[in-house]
Amino acid sequence: MGLTFYLLPAILIIAFLFSAIRILREYERGVVFTLGRFTGVKGPGLIILIPFIQQMVRTELRTFVEDVPTQDVISRDNVSVKVNAVIYFRIVDPQRAILNVEDYLVATSQLAQTTLRSVLGKHELDEMLAERDKLNADIQAILDEQTDAWGIKVANVEIKHVDIDESMIRAIAKQAEAERIRRAKIINAEGEQQAAEKLVEAGRILAGDPRAMQLRYFSALHDIAGDRTNTIVFPLPMDLIEAIRQPVKG
């Protein structure tokens, strides 16, 4: 009887301490309810609760990494693609994260999926492939605004993969090849234009002094003499050529 007399109070005290004492880590916070009413956010460190009267819900302040499942997206130019992404977010207000939404993890994940489809559906395929940073920023801004009421801060959004159908890949390859051919033709045409402009400029300079043309003749003869050829070139003065071209006066 004597042992039971001391053992029962000891068990009650241990049970009381077990249910009343909570220890929260540095990155944890506790949302405390007293008789069902919100009474404050506690932590980190040692927290003492009144058993059966107060309850506590733990939350973390560390960054969550949520993998957004693959979504079927129809782009603005009617191309079907499969896109998945990853979002980084954290709780900045534990009170709103617990009181304003049933499950902030599920809610944020579902919102990210719908936002991903909505934003990418407004852009063409080329924009999805070439302007990924801009799309990431747009999605992040929309999510951050929507989750502000839940006490959540969306730090970053990254589109991981944009999967395209095999037939569409071939079409894109043909388009890229045609674009390269077009650029090559434009570059060649621009080169011809610049060469023609330089030739006209050179001709204008040579026409200003007949002696310059004679120097060009000598330079051409020097180049021809260096080659093993049977071609013989006789330079003629421009005045003689002009005299030949003029009709003989009677």
Undergrad: Quick test of your reading: applying side chain to side chain donor-acceptor pair (under 3.5 Å), list the pairs with at least one residue in residues 137-146, sequence neighbours left out, ordered by first then second residue.
TA: Lys134-Asp138, Asp144-Lys153
Undergrad: Evaluate the side-chain proximity of Leu120 to Val81: yes if any heavy-atom separation is below 4.5 Å, no if none is.
TA: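 Val81 does not reach Leu120 side chain to side chain.
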Undergrad: Could you check if a side-chain atom of Val162 sits within less than 4.5 angstrom of a side-chain atom of Arg132, using non-hydrogen atoms only?
TA: yes
Undergrad: Which residues end up grouped with Tyr88 if you chain together Ile, Leu, Val, Met, Phe, Trp and Tyr wherever their side-chain heavy atoms are less than 4.5 Å apart?
TA: Val65, Val86
Undergrad: May I ask you to list the residues sharing a hydrophobic cluster with Leu24, side-chain cutoff 4.5 Å, ordered by chain and number?
TA: Val32, Ile47, Leu49, Met56
Undergrad: Determine whether Tyr27 and Val41 fall in the same hydrophobic cluster, where Ile, Leu, Val, Met, Phe, Trp and Tyr are linked whenever their side-chain heavy atoms lie under 4.5 Å apart.
TA: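 No; tracing contacts between hydrophobic side chains, which count when under 4.5 Å, never links both residues.
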Undergrad: In terms of hydrophobic clusters joined by side-chain contacts under 4.5 Å, are Val92 and Trp150 together?
TA: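 Hydrophobic grouping puts Val92 apart from Trp150.
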Undergrad: Keeping the roles fixed (side chain from Asn136, backbone from Ile159), state whether a donor-acceptor pair exists under 3.5 Å.
TA: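 Yes, Asn136 side chain to Ile159 backbone: donor-acceptor pair under 3.5 Å.
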Undergrad: Might you point out which heavy atoms bring Leu61 and Pro94 nearest each other, and give the distance in Å?
TA: CD2-CG, 4.1 Å
Undergrad: Measuring from Ser19:OG to Gln54:CD, what's the distance to the nearest 0.5 Å?
TA: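 One gets 11.5 Å once the value is rounded to the nearest 0.5 Å.
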Undergrad: What heavy-atom pair brings Asp67 and Ala85 nearest, and what distance separates the two atoms?
TA: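 In terms of heavy atoms, the two residues are closest at OD1-O, 3.1 Å.
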Undergrad: Roughly how far, to the nearest 0.5 Å, is the CE atom of Met128 from the CG atom of Leu125?
TA: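 So the CG of Leu125 and the CE of Met128 are separated by 6.5 Å.
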Undergrad: If I take atom CZ from residue Arg90 and atom OG1 from residue Thr59, how far apart are they, to the nearest 0.5 angstrom?
TA: 12.5 Å
Undergrad: Which distance, rounded to the nearest 0.5 Å, do you find between the CG of Leu143 and the OG1 of Thr108?
TA: 8.5 Å
Undergrad: Per the side chain to side chain donor-acceptor pair (under 3.5 Å) rule, what does the pair list look like for residues 94-104, sequence neighbours excluded?
TA: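 For residues 94-104: Asp93-Arg96.
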Undergrad: Flag yes if Leu105 and Leu116 sit in one hydrophobic cluster, no otherwise; membership is Ile, Leu, Val, Met, Phe, Trp, Tyr, and two members link when side-chain heavy atoms are under 4.5 Å apart.
TA: yes
Undergrad: Output all residues satisfying side chain to side chain contact (heavy atoms under 4.5 Å, CB included) with Thr114, sequence neighbours left out; order by chain, then residue number.
TA: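 With neighbours one apart ignored, the set is Leu111, Arg117.
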Undergrad: Using the test side chain to side chain contact (heavy atoms under 4.5 Å, CB included), find all partners of Ser109 that sit at least two apart in sequence or belong to another chain.
TA: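 Applying side chain to side chain contact (heavy atoms under 4.5 Å, CB included) to Ser109 gives Glu66, Gln113.
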Undergrad: What is the distance from atom CD of Gln71 to atom NZ of Lys82, rounded to the nearest 0.5 Å?
TA: 10.0 Å
Undergrad: Would Val106 and Ile87 show up in the same hydrophobic cluster when neighbours are defined by side-chain heavy atoms closer than 4.5 Å?
TA: no
Undergrad: Would you indicate whether Ile48, at its atom CD1, is surrounded by more than 12 heavy atoms from other residues, nucleotides or ligands within a distance under 6.0 Å?
TA: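 Counting other residues, nucleotides and ligands, CD1 of Ile48 stays at 12 neighbours or fewer.
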Undergrad: Do Leu99 and Phe89 belong together in a cluster built from hydrophobic side chains that touch within less than 4.5 Å?
TA: yes
Undergrad: Members other than Ile53 in its cluster, when Ile, Leu, Val, Met, Phe, Trp, Tyr link by side-chain heavy atoms under 4.5 Å?
TA: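 Leu35, Ile50, all in the cluster of Ile53.
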Undergrad: Kindly indicate whether the side chain of Glu197, heavy atoms from C-beta on, has any atom under 4.5 Å from the side chain of Gln193.
TA: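 In contact.
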Undergrad: Could you name each residue pair satisfying salt bridge (Lys or Arg N to Asp or Glu O under 4.0 Å) that touches residues 15-27, not counting sequence neighbours?
TA: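 Residue pairs passing salt bridge (Lys or Arg N to Asp or Glu O under 4.0 Å), neighbours aside: Arg25-Glu28.
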Undergrad: Find out whether Arg76 and Glu124 are in side-chain contact, i.e. whether some heavy atom of one side chain is under 4.5 Å from a heavy atom of the other.
TA: yes
Undergrad: Go through the structure and list residues passing side chain to side chain contact (heavy atoms under 4.5 Å, CB included) with Ile181, not counting sequence neighbours.
TA: Glu177, Lys185
Undergrad: Give a yes or no on this: more than 12 heavy atoms of other residues, nucleotides or ligands lie within 6.0 Å of atom NZ of Lys160.
TA: yes
Undergrad: What heavy-atom pair brings Val73 and Gly121 nearest, and what distance separates the two atoms?
TA: CG1-N, 3.9 Å
Undergrad: Running the 4.5 Å side-chain criterion over Ile, Leu, Val, Met, Phe, Trp and Tyr, what cluster does Ile14 land in, apart from itself?
TA: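 Besides Ile14, the cluster holds no residue at all.
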Undergrad: Under the salt bridge (charged side-chain N to carboxylate O under 4.0 Å, His left out) rule, collect the residues that match up with Glu131, sequence neighbours excluded.
TA: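 Salt bridge (charged side-chain N to carboxylate O under 4.0 Å, His left out) check on Glu131 returns nothing, list empty.
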Undergrad: Please enumerate all residues that pass salt bridge (charged side-chain N to carboxylate O under 4.0 Å, His left out) together with Asp126, with sequence neighbours excluded.
TA: none
Undergrad: Drop me the distance from Gln110's CD to Thr115's OG1, to the nearest 0.5 angstrom.
TA: 11.0 Å
